[in-house]
Each structure stands twice: as C-alpha cells, then as structure tokens.
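Values reported hereafter were calculated over all heavy atoms of this structure, with side chains retained and with hydrogens, waters and symmetry mates removed. Model, not experiment: these values are computed from the prediction.
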Amino acid sequence: MTQFYHLNLNMAEEDYMSDSFINVQEDIRPGVPMLRQVREARRKEEKLQEANLKNRQKSLKEEERERRDIGLKNALGCENKGFALLQKMGYKSGQALGKSGDGIVEPIPLNVKTGKSGIGHESLLKRKAEEKLENYRRKVHTRNQDEEKAAEQFRMRLKNKQDEMKLEGDLRRSQRACQQLDTQKSIQVPREAWYWLRPEEETEKEEEEDKEQGEDEYTSEDLSVLEKLQILTSYLREEHLYCIWCGTAYEDKEDLSLNCPGPTSADHD
C-alpha cells in the first residue's frame with residue numbers, strides 16, 4: 001500500500017513538472033521581440049503600398065500615352081470645331097493648306113516633353129555644345145599654327161646655321177689659296193692679316209693685342225664672314241686671276257671673264 005502511494009505521488013510530480021514546462025513555453029508576454037515583429041510587419045505593409053502606388057502611376061502613364069497615340073492616329077472628324085471651320089472654307093481631307101495649295105498636308109508633329117527642364121533648355125544645351133566644339137576647333141587651329149610657325153623658325157635657324165658654316169668654310173678655303181698664291185709670288189706679308197689662314201696661337205695672340213689697343217681702332221672683327229669672303233675673293237680674282245668656286249687660275253682677265261660664271265657662289269650653282 002505504501003509503495004502504491006509513493007508511485008502515485010511520483011507520477012503526480014512528473015505531471016506537474018510537465019505542465020509547468022508547457023506553460024512556460026506558451027507564456028508569451030508583450031516586450032521587445034513583440035514590438036520588433038510589429039514594426040517589421042508595418043514596414044512590409046508600407047513597402048507593399050508604395051509598390052502598388054508606383055505600379056498604379058506607371059499604369060496611368062501608359063494609359064495616357066496609349067490614349068494620346070490613338071488620338072493622334074485618328075483623323076479629325078466633323079465634330080472637331082477647327083476642322084469644321086476648314087471645311088466651311090472649302091478644305092477637303094488630304095488637301096494641302098494655303099490659298100494656292102502649297103502648304104503642309106500632315107499636321108505639325110507633337111513632341112511630348114517628359115523632362116523637368118524649362119522651355120528652351122534643349123536649345124541652350126545645343127548652343128553650348130556647338131560653342132564648346134567651336135572653341136575646341138579654334139584651339140586646335142591655333143596650336144597647329146603655332147607648331148607650323150615654330151617648325152618654320154627652326155628650319156630658318158638651321159638654314160642660317162648651315163649657310164654660316166658654308167661661308168666660314170669658303171673663307172678658310174680662300175685664305176689657304178691666298179697664302180699659297182702670295183707665297184708663289186714671293187709675297188712675305190699678306191695685304192691684310194686675315195687674308196692668310198694662321199695657326200690658332202697667333203690668332204689668339206692678335207686678338208689680345210687688338211683688345212689692348214682699344215675698341216675705337218678698326219679691326220678685322222668689324223667685318224662679317226660674308227664681307228671678308230667678298231673682299232678676299234675679289235683680291236684673288238684681281239691679283240692672281242683665281243676663282244675659288246672654279247678652283248682654277250686663269251691666264252688673263254679675258255680668260256677669266258669668258259670662262260668663269262661669276263664672282264659669287266650662286267653664279268656657280
């Protein structure tokens with residue numbers, strides 16, 4: 001009897017513990033998790049309403065565009081007051097406008113503006129784009145002109161340098177020829193110091209002496225290379241009947257004038 005009583009008591013305790021566990025699991029009180037669920041449900045509902053509103057607006061725009069396209073495709077009838085007035089004045093469907101019938105046949109097309117910019121904004125953008133393109137072309141043209149000018153100046157400097165080097169070479173050649181021909185005639189001292197080609201040491205020494213004498217006195221440095229060449233070639237032709245361009249010493253003045261093209265390098269080109 002005692003054992004049976006303890007067995008029933010244990011079973012009663014187990015049932016009580018099981019019922020307590022179930023009651024704890026099912027006891028949901030309002031709190032933070034509940035509020036979070038409510039906010040989430042409300043947010044989903046707002047998104048759904050917003051999506052429905054956008055779909056509705058989109059459908060309204062599509063319907064408006066369809067109605068407009070249908071209206072533009074259909075020809076005007078007698079119920080239109082403007083068309084009725086035209087018919088009273090003798091207009092027939094498909095006929096060109098104007099007294100002489102040289103006007104437009106189709107109505108002016110309708111350009112629907114969908115953007116938010118004001119009237120004339122597109123033409124302003126187009127004008128700015130054209131101005132920008134024109135400025136770019138002007139800059140490119142100016143840059144090309146500057147490059148061509150710089151290239152031309154470089155060619156001129158190069159040509160001048162080459163011409164100067166050629167003149168200096170012709171002068172040295174004339175000086176060597178003058179020294180040789182003067183020596184053959186037993187001339188010990190040149191008419192001018194620069195008529196003969198001298199060693200560099202003597203040239204530097206003479207330049208120092210010229211500086212000590214002062215700048216007021218006449219020196220060969222006052223003459224350019226071209227002037228020296230003209231003077232020296234004239235001396236060679238008159239004194240020795242020699243032309244450096246021909247490389248020939250002629251027998252007399254008549255032979256020189258008949259067979260030599262001229263006293264300059266250009267005459268021999």
- Message: If you define the side chain from C-beta out and look only at heavy atoms, does anything of P263 sit under 4.5 Å from C243?
- Response: no
- Query: Any side-chain heavy atom of W194 sitting closer than 4.5 Å to one from K228?
  - Reply: yes
- Query: Do L85 and K81 come within less than 4.5 Å of each other through their side chains, counting heavy atoms only?
  - Reply: no
- Task: Verify the neighbour count for atom CD of E130: are there more than 12 heavy atoms of other residues, nucleotides or ligands below 6.0 Å?
- Result: yes
- Consider only side-chain heavy atoms of I, L, V, M, F, W and Y, link residues closer than 4.5 Å, and tell whether L181 and L171 are in one cluster. yes
- Task: Check step by step if side-chain contact (heavy atoms from CB on, under 4.5 Å) holds for W245 and R173.
- Result: CA-CA 10 Å; W245 320 116; R173 191 151 54 92; 4.0 Å; yes
- Note on the structure: Here the gap from K161 atom NZ to F154 atom CZ, rounded to the nearest 0.5 Å, amounts to 12.5 Å
- Item | Any pair counted as side-chain hydrogen bond (donor to acceptor under 3.5 Å, both in side chains), so long as it reaches residues 176-190, sequence neighbours left out | D182-W196, D182-Y235, D182-H240
- Distance-only, no hydrogens or angles: does the E168 side chain make a donor-acceptor pair with backbone N or O of V225 under 3.5 Å? no
- Note on the structure: To the nearest 0.5 Å, atom CD of E164 lies from atom CG of L226 at 11.0 Å
- Message: Which heavy atom of H268 sits nearest to which heavy atom of T264, and what is that distance?
- Response: ND1-O, 2.8 Å
- Message: Tell me every residue that passes side chain to side chain donor-acceptor pair (under 3.5 Å) with N135, counting only those two or more places apart in sequence or in another chain.
- Response: R138
- Task: Over all heavy atoms of both residues, which pair between R237 and C260 is shortest? Give the atoms and the distance, please.
- Result: NH1-SG, 3.2 Å
- Message: Please give me the minimum heavy-atom distance between D255 and D252, naming the atom from each residue.
- Response: N-OD1, 2.7 Å
- Message: Same cluster or not: I187 versus I231, using hydrophobic residues (I, L, V, M, F, W, Y) connected whenever any side-chain heavy atoms lie under 4.5 Å apart?
- Response: yes
- Note on the structure: dist L232:CG -> Q175:CD (nearest 0.5 Å) comes out at 6.5 Å
- Query: Would a 4.5 Å heavy-atom cut-off, applied to side chains only, mark Y250 and N259 as touching?
  - Reply: yes
- Message: With no hydrogens and no angle check, just 3.5 Å: does a side-chain donor-acceptor pair link S265 and K166?
- Response: yes
- Contact summary for L229 and I244, nearest pair of heavy atoms: CD1-CD1, 4.2 Å
- Item | Electrostatic pair R155-E152, nearest N-O below 4.0 angstrom | yes
- Please report the closest heavy-atom contact between A249 and Y242, naming both atoms and the distance. N-CD1, 3.7 Å
- Query: About how many Å separate OG1 of T233 and CD of E238, when rounded to the nearest 0.5 Å?
  - Reply: 9.5 Å
- Item | Validation row: T142, D146 side chains within 4.5 angstrom (heavy atoms) | yes
- Item | Approximate separation, where rounding is to 0.5 Å, of L223 CG and E192 CD | 8.5 Å
- Message: Using 0.5 Å steps for rounding, measure from the CG atom of L158 to the CD atom of Q162.
- Response: 4.0 Å
- Task: Determine yes or no for a side-chain-to-main-chain donor-acceptor pair under 3.5 angstrom, with E227 supplying the side chain and S224 the backbone.
- Result: yes
- Task: Let me see the working for E40 and R43 under salt bridge (charged side-chain N to carboxylate O under 4.0 Å, His left out), right down to the final yes or no.
- Result: CA-CA 5 Å; E40 187 67 24; R43 190 180 297 111; 2.7 Å; yes
